[in-house]
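Notes to accompany the following structure.
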2 protein chains.
Amino acid sequence: MTIRTRRERERAEREQLIVTAARKLAESEGWSAVTTRRLASEVEYSQPVLYSHFKGRDAIMAAVAVEGCGELATALRAARTAAKDERGALAALSRAYTDFARERPALYDAMFTHAVDLPFATPEAPAALHEAFDELRLAVEPMAVDGDDPVLLTETYWASLHGLATLTRSDRLPPEAHDRRLALLIGHFASTH
Amino acid sequence: MTIRTRRERERAEREQLIVTAARKLAESEGWSAVTTRRLASEVEYSQPVLYSHFKGRDAIMAAVAVEGCGELATALRAARTAAKDERGALAALSRAYTDFARERPALYDAMFTHAVDLPFATPEAPAALHEAFDELRLAVEPMAVDGDDPVLLTETYWASLHGLATLTRSDRLPPEAHDRRLALLIGHFASTH
DNA sequence: CGAGAAATTCTAGCAGCGCTAGCGAATCTG
DNA sequence: CAGATTCGCTAGCGCTGCTAGAATTTCTCG
């Protein structure tokens with residue numbers, strides 16, 4: 001029994017090793033550099049070992065994405081709770097969100113750009129994902145007026161942040177005006193505050 | 001001279017054939033199905049012919065993207081000019097934009113999601129791209145208040161539409177509430193109209 | 001302790017990818 | 001019609017994700 005648990009623990013550790021290596025490699029050289037061969041050599045195992053942990057390359061990306069959601073949630077919470085009023089909280093959270101996307105592009109892509117078969121807008125979605133969305137909701141909710149559905153409003157605001165983050169990072173929007181676009185967005189969503 | 005022009009015309013026709021085939025293939029089976037071998041067989045030439053027209057696979061995607069921009073501009077113009085007032089124009093254009101992304105996902109990805117080395121936010125950007133952005137601007141501009149920079153406001157609104165389109169299409173936002181999210185967005189950007 | 005069973009990891013390989021060198025055929029020039 | 005030039009082809013390189021089956025290690029039990 002103890003042997004079984006030890007082996008299971010070692011297996012879990014190796015799985016974490018793989019996810020960490022994949023993430024590190026993606027962050028430093030982009031997802032195109034994360035090949036199964038390269039990743040296998042990085043963790044000092046052979047290729048097929050990866051497939052005993054994950055269904056395929058995409059499943060590894062999904063695991064990295066879930067990790068990223070947890071960190072995004074943490075970053076958003078820190079920004080939100082440090083602000084002194086509701087509008088300040090929304091501004092700080094928005095800044096934290098787009099900073100996260102800019103500074104960890106590979107992680108962000110795995111989470112929100114790359115096609116990945118994670119359940120999202122359902123209860124079965126990973127807890128970390130719900131946490132990140134809840135942080136958004138806590139900052140956006142206070143801006144709701146009269147009949148606004150808070151969840152729908154949060155989804156809409158999230159989409160705006162996501163659009164700004166992705167279009168700016170791919171140079172489809174000039175980066176130097178990012179702050180002013182963010183201010184415009186906040187201005188329109190928090191006009192009554 | 002006439003021989004030269006004839007050959008140039010034939011070359012241009014073949015190039016268009018490639019772009020059209022690439023687009024068709026991408027729309028029906030996704031970009032992952034657009035391999036150089038498959039595309040070559042589709043146009044009934046050998047692989048290396050593609051490389052005499054385009055630098056590589058990405059350049060073919062870029063050509064498809066430019067075509068897509070032209071069609072998006074057309075769709076946006078039709079929606080905008082058919083509306084009877086400014087707010088209606090913004091609503092119609094927004095709907096047309098997200099419809100375009102939903103109905104032509106591969107085309108939309110080539111234009112705005114896939115990393116592609118097209119000049120975007122510069123004067124050297126393809127004319128079709130400027131046309132599409134101008135359509136957005138013409139609909140958004142009337143919503144600007146006092147000191148708002150119309151271009152920045154357009155960029156911000158575009159980002160919001162882009163975020164809604166991409167997150168909805170990848171099932172990261174529940175599709176059935178798309179209309180209500182769009183209404184919320186318009187409500188916040190056109191609050192004074 | 002040591003042989004058989006079971007679990008695990010590795011080697012080797014498949015089919016397909018983007019891309020290119022270099023040869024043969026078709027076309028144009030004088 | 002011969003020589004030069006352009007053109008498109010065949011063949012191949014190094015890579016990809018993924019997997020079958022052999023080989024090795026680990027555990028079980030007489």
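Because the structure is predicted, anything quoted here is derived from the model rather than measured. Any value given below was found using the heavy atoms of this structure, including those in side chains, with hydrogens, waters and symmetry copies removed.
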Okay, side chain of A:T168, backbone of A:A165: is any donor-acceptor separation there less than 3.5 Å? no
A:R38 near the nucleic acid: base, sugar-phosphate alone, or nothing, with a heavy-atom cut-off under 4.0 Å? nothing
Sequence neighbours excluded, which residues qualify as ring-ring contact (aromatic ring centres under 6.0 Å, His included) partners of B:Y108? B:Y97, B:F112, B:H162
With sequence neighbours excluded, residues passing side-chain hydrogen bond (donor to acceptor under 3.5 Å, both in side chains) with A:Q16: A:T20, A:E67
How many Å lie between CZ on A:R11 and P on D:dT26, as a whole number? 16 Å
Considering residues at least two apart in sequence or located in another chain, which fulfil the side chain to side chain contact (heavy atoms under 4.5 Å, CB included) criterion with B:R37? B:T35, B:Q47
Any donor and acceptor pair, going by atom type alone, linking the side chain of B:S28 with main-chain N or O of B:L25 inside 3.5 Å? yes
Near DNA chain D, counting only heavy atoms under 4.0 Å, which residues of residues 39-49 of chain A show up? A:Q47, A:P48
Decide yes or no on salt bridge (charged side-chain N to carboxylate O under 4.0 Å, His left out) for B:E29 and B:R38, but give the supporting numbers first. CA-CA 12 Å; B:E29 303 183 36; B:R38 179 84 184 275; 2.8 Å; yes
Partners passing ring-ring contact (aromatic ring centres under 6.0 Å, His included) against A:H188 (at least two apart in sequence or in another chain): B:F189
Can you list, by residue number, the residues of residues 25-35 of chain A that have a non-hydrogen atom closer than 4.0 angstrom to DNA chain C? none
Using only side-chain N and O atoms of A:T36, determine if any of them is under 4.0 Å from OP1 or OP2 of D:dC18. no
How bent is the helix from C:dC1-D:dG30 to C:dC23-D:dG8, measuring the angle between the end axes built from five pairs each, rounded to 10°? 30°
Does a side-chain N or O from A:R14 land closer than 4.0 Å to OP1 or OP2 of C:dT9, or not? yes
Here the residues of residues 51-60 of chain B within 4.0 Å heavy-atom distance, strictly under, of DNA chain C are B:Y51, B:G56, B:R57
Check side-chain hydrogen bond (donor to acceptor under 3.5 Å, both in side chains) between B:S170 and all other residues, then give those that pass, not counting sequence neighbours. B:R172
Pairing residues for B:A75 by the side chain to side chain contact (heavy atoms under 4.5 Å, CB included) criterion, not counting sequence neighbours: none
Indicate yes or no for a side-chain donor-acceptor contact from A:R87 to the backbone of A:A190 under 3.5 Å, with no hydrogens or angles considered. yes
Under 3.5 Å: donor-acceptor pair, side chain of A:R104, backbone of A:L72: no
Among all residues two or more places apart in sequence or in another chain, which pass the side-chain hydrogen bond (donor to acceptor under 3.5 Å, both in side chains) test with B:E155? A:R181
How many Å lie between CG on B:L50 and C1' on D:dC7, as a whole number? 15 Å
Side-chain N or O of A:R37 closer than 4.0 Å to phosphate OP1/OP2 of D:dC15: no
Would you please name every residue forming a side-chain hydrogen bond (donor to acceptor under 3.5 Å, both in side chains) with B:T122, sequence neighbours left out? B:E124
Check the distance between C:dC28's C1' and B:E8's CD and give it to me in whole angstrom. 15 Å
